[in-house]
Visitor: 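I have a structure I would like to understand better, so I am pasting it below and will then ask my questions one at a time.
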Amino acid sequence: MSRSKVRQIFHILMDEFGEQGWWPGRSRLEVIVGAILTQNTAWKNVEKALENLGYAGLLPSSDEEDALEYARRYLKLGREGLARLIKPAGFFNQKAEYLLNFMEFFVGEGGFAGLGRLRTETLRKKLLSVKGIGRETADSILLYAFERPVFVVDAYTLRIFSRHDMDFGNYEDARRLVEDAFSDLDEGERVRVFNEFHALLVRVGKDYCRKHNPLCSACPLNSMD
DNA sequence: AACCAGGAGAGAG
DNA sequence: CTCTCTCATGGT
């Protein structure tokens, strides 16, 4: 029932905004670092922090480079130095700790080679066990860094769905709703759809669904109801 | 000048 | 399980 509605929302947004090209980043490790840094933080501020990390030699310029070597540099640098570099992203003390937690986990699991062998559900549970990686960050990492068919729910998603009849307010329910809505597609197609869908929901959320910028009347999704 | 951004954890009830 | 509080910089 709401299955077709979910697809309708996706196609309206796709027609309106087109491909968003997420996730910005030159390597998978940079995608993960960005996912942690952007927790409750404007992406503009994250870019400044990423720039600092890049100059400090903490971001691979491509996936051809050994991510494990970069991960060890975080551990060598430590919380103090790391916090100073990511200061523009806010919550720098927490996020420095979170980044170190992930890098320690990453090295211990054998980097992308080791983690890449795990089944999606197993990998998700392992990511969630890292202090500082919650549901949204874990799913962002699964989708954008590991290219697993996982839909990423965020505050915009719940807000937008709520304004169009589908009032869940529950992260897992909203996630399964979208994943089930596209369950007929093969894995590669779902990765593409979930990638664009989440980016599009953030886009329309920023433009029309913000609290201090309530342009609901101009939202392209109004053509549904 | 309050309000919020591509959240998460800890604690209370 | 659902609130509530904290963490902090930078843009509107």
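Every chain is numbered from 1 and lettered A, B, ... according to where its sequence line falls, protein lines coming before strand lines.
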Visitor: How about A:Arg7: does its CZ atom have over 12 heavy atoms from other parts shown lying under 6.0 Å from it?
Guide: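 Enclosed.
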Visitor: For the P atoms, the ones on B:dA10 and on C:dA8, what distance do you get once it is rounded to whole angstrom?
Guide: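 The same atom, P, in both gives a distance of 15 Å.
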Visitor: For A:Gln8 and A:Ser4, does a side-chain donor sit closer than 3.5 Å to a side-chain acceptor?
Guide: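 No.
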Visitor: Check each residue of residues 29-63 of chain A for a non-hydrogen atom within less than 4.0 Å of any atom in DNA chain C, then write out the ones that pass by number, or none.
Guide: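 A:Asn40, A:Asn45, A:Lys48, in order of number.
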Visitor: Write down the distance between CD1 (A:Ile141) and C1' (B:dG6), rounded to a whole number of angstrom.
Guide: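 Distance, rounded to whole Å: 13 Å.
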Visitor: For A:Phe91, which contact category applies under a 4.0 Å heavy-atom criterion: base, sugar-phosphate, or nothing?
Guide: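 Base: the residue A:Phe91, judged by heavy atoms under 4.0 Å, touches a nucleobase.
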Visitor: Is A:Gln94 touching bases, backbone alone, or none of the nucleic acid, heavy atoms closer than 4.0 Å?
Guide: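 The answer is base, as A:Gln94 lies within the cut-off (heavy atoms under 4.0 Å) of a base atom.
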Visitor: Will you find, in the side chains of A:Arg148 and A:Thr120, an N or O donor that is under 3.5 Å from an N or O acceptor?
Guide: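 The answer is yes; a qualifying pair exists.
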Visitor: Polar atom pairs between nucleotides 9-13 of chain B and protein, under 3.5 Å, N or O only, would you list them?
Guide:
residue : atom : partner  : partner atom : Å
B:dG9   : OP1  : A:Gly132 : N            : 2.8
B:dA10  : OP1  : A:Lys131 : NZ           : 3.4

Visitor: Could you walk me through whether A:Arg175 and A:Glu172 pass the salt bridge (charged side-chain N to carboxylate O under 4.0 Å, His left out) test, one step at a time?
Guide: CA-CA 5 Å; A:Arg175 183 167 74 92; A:Glu172 295 298 335; 3.0 Å; yes
Visitor: I need the CG-C1' distance between A:Asp154 and B:dA8, as an integer number of Å.
Guide: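 Those two atoms, CG and C1', are 15 Å apart.
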Visitor: Identify the 5'-most and 3'-most nucleotides of DNA chain C with at least one atom closer than 4.0 Å to a non-hydrogen atom of chain A.
Guide: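 Terminal contacting nucleotides, 5' to 3': C:dC7 to C:dG11.
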Visitor: Base, sugar-phosphate alone, or nothing: which one does A:Lys87 contact when heavy atoms must sit under 4.0 Å apart?
Guide: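 Since only primed, P, OP1 and OP2 atoms lie under 4.0 Å of A:Lys87, the category is sugar-phosphate.
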Visitor: Can you tell me, in whole Å, how much space there is between the P of C:dC5 and that of B:dG6?
Guide: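 Per the computed distance, 24 Å lies between those P atoms.
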